[in-house]
Number of protein chains: 2
Amino acid sequence: MSQSLQLKNAGLKSTLPRLKILDLFGSGLECHLSADDIYRKLLESGVDVGIATVYRVLTQFEQAGLLVKRHFEGDKSVFELNQGKHHDHIVCLQCGKVEEFYDEIIETRQKTIAAERGFSVNDHTLSIYADCLKADCPNKRQGIV
Amino acid sequence: MSQSLQLKNAGLKSTLPRLKILDLFGSGLECHLSADDIYRKLLESGVDVGIATVYRVLTQFEQAGLLVKRHFEGDKSVFELNQGKHHDHIVCLQCGKVEEFYDEIIETRQKTIAAERGFSVNDHTLSIYADCLKADCPNKRQGIV
DNA sequence: GTTGAGAATGATAATGATTATCATTACCAA
DNA sequence: TTGGTAATGATAATCATTATCATTCTCAAC
Ligand SMILES: [Mn+2]
Ligand SMILES: [Mn+2]
Ligand SMILES: [Zn+2]
Ligand SMILES: [Zn+2]
């Protein structure tokens, strides 16, 4: 589906900042970007956008169900494409790379644990902070991408 | 162990703000307090402390291993006594109550998942946001305590 | 294609949590 | 008791995020 149609479906007018921000997330999954990441990337690519617009658009996209907001370690939140299905994250403490996973055993176990204690699960976040053992892991942190 | 001795062991001088803050956490477990919670409670109890001191002391206690910092939903972080052993949390979306749990199956599964993907787990956070089904759950949010 | 009402933008001020400064005060070893 | 030094607290500064508001842009109607 074209991006401008995506926006139309979400009840949002097709504007340059919105199209460019949608572009950044592209079709590439496992892409977790902060407002500042996006602001910086747009300026680099010659799109003269305001930081206020970035925050506004991200919030609108989140409310429209296009994006999902995440809170990893650190102070700033990141956004990713809404993949329609829940998943959890492994964050590399060396390079900041984020990998996604879904595990039925963990999911089921959480419901059981909550039920045993008199809770009905609404949502959850599981973030594993780990060291990447791969050879190509750049041994320095550089913002969660 | 007396509180002033606890402070001495941590290499910290025994001062009124430090003793009073340590007091607040007391022996009661499952006590998760934000800097502002603590600041407010101290003022209420007649201890005229500055908010800067609260933040400073919390950081010192965390570095000394007396407290652990947590990040639940929302903007402010909370602290709890360092119980020496890892645990995860269920947060009631109605009243904000926090319950703790530890599940060996989930812990083990995380290590397996990470290993399969070439990661060595360093740390993790699992927070379940749920609705408390108990009758005495006050149906309003009132800050995470 | 032109146009106008209303939405969107961006510069900037405001906010809320947290940290840094720095002059004053309190702790404690001698 | 006292002096050196660490701790405190009022306040300014910082950082991410949100609110304001005058200006610009979009798009449906003509
Ligand atoms: Mn993800
Ligand atoms: Mn806890
Ligand atoms: Zn999950
Ligand atoms: Zn755990």
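In the text below, chain A, chain B and the rest are named by the order of the sequence lines, each starting its count at 1.
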A.B. asks: Would you mind reading off the distance between B/L12 atom CG and C/dC27 atom C1', rounded to a whole angstrom?
C.D. replies: 13 Å

A.B. asks: Once you round it to whole Å, what is the distance between P of C/dT9 and OH of A/Y55?
C.D. replies: 16 Å

A.B. asks: How would you label the contact of A/D48 with the nucleic acid (heavy atoms, under 4.0 Å): base, sugar-phosphate, or nothing?
C.D. replies: sugar-phosphate

A.B. asks: Write down the distance between NZ (A/K20) and C1' (C/dT9), rounded to a whole number of angstrom.
C.D. replies: 17 Å

A.B. asks: Which part of the nucleic acid, if any, lies within reach of B/T53 when heavy atoms closer than 4.0 Å are counted: base, sugar-phosphate only, or nothing?
C.D. replies: base

A.B. asks: May I ask you to check whether A/Y102 and A/E104 show a side-chain donor-acceptor distance below 3.5 Å?
C.D. replies: yes

A.B. asks: Ignoring hydrogens, what is the shortest heavy-atom contact between B/K111 and B/V121? Give both atom names and the distance.
C.D. replies: CA-CG2, 4.1 Å

A.B. asks: Report the C-alpha distance between A/E107 and A/H86 in whole Å, list the side-chain angles of each, state the deciding distance to 0.1 Å, and finish with yes or no for side chain to side chain donor-acceptor pair (under 3.5 Å).
C.D. replies: CA-CA 10 Å; A/E107 298 294 324; A/H86 164 81; 3.0 Å; yes

A.B. asks: Show me the donor-acceptor pairs within less than 3.5 Å that the side chains of residues 54-66 of chain B make with the rest of the protein, sequence neighbours left out.
C.D. replies:
| residue | atom | partner | partner atom | Å |
| --- | --- | --- | --- | --- |
| B/R56 | NH2 | B/T53 | OG1 | 3.1 |
| B/T59 | OG1 | B/Y55 | O | 3.0 |
| B/Q60 | OE1 | B/R18 | NH2 | 3.2 |

A.B. asks: With a 3.5 Å cut-off and no angle check, do the side chains of A/H87 and A/E80 form a donor-acceptor pair?
C.D. replies: yes

A.B. asks: How long is the line joining CG of A/L43 and P of C/dT9, in whole Å?
C.D. replies: 15 Å

A.B. asks: Specify the residue among B/T59 and A/V57 whose closest nucleotide of DNA chain C lies further upstream toward the 5′ end.
C.D. replies: A/V57

A.B. asks: Whole angstroms only, please: what is the CG-P distance between B/D36 and C/dT18?
C.D. replies: 9 Å

A.B. asks: Measure the distance from CG on B/D37 to C1' on C/dT18 and round it to the nearest whole Å.
C.D. replies: 15 Å

A.B. asks: Would you compute the distance between atom CG of A/L12 and atom CG of A/L7 and round it to the nearest 0.5 angstrom?
C.D. replies: 6.0 Å

A.B. asks: Got B/D88 and B/H124 here, is their nearest side-chain heavy-atom distance under 4.5 Å?
C.D. replies: yes

A.B. asks: Send over the distance from B/I51 CD1 to C/dT18 C1', rounded to a whole Å.
C.D. replies: 9 Å

A.B. asks: For A/K8 and A/K69, find the nucleotide of DNA chain D closest to each by heavy atoms; which residue's nucleotide sits nearer the 5' end?
C.D. replies: A/K69

A.B. asks: Would you mind reading off the distance between B/K13 atom NZ and C/dA29 atom P, rounded to a whole angstrom?
C.D. replies: 8 Å

A.B. asks: Mind checking if B/R56 touches a base, just sugar-phosphate, or nothing, with heavy atoms under 4.0 Å?
C.D. replies: base

A.B. asks: Of all nucleotides in DNA chain D with an atom under 4.0 Å from a non-hydrogen atom of chain B, which is the first and which the last going 5' to 3'?
C.D. replies: D/dA6 to D/dT11

A.B. asks: Let me know, please, whether B/T15 or A/G11 comes out on the 5' side of the other along DNA chain C by nearest nucleotide.
C.D. replies: A/G11

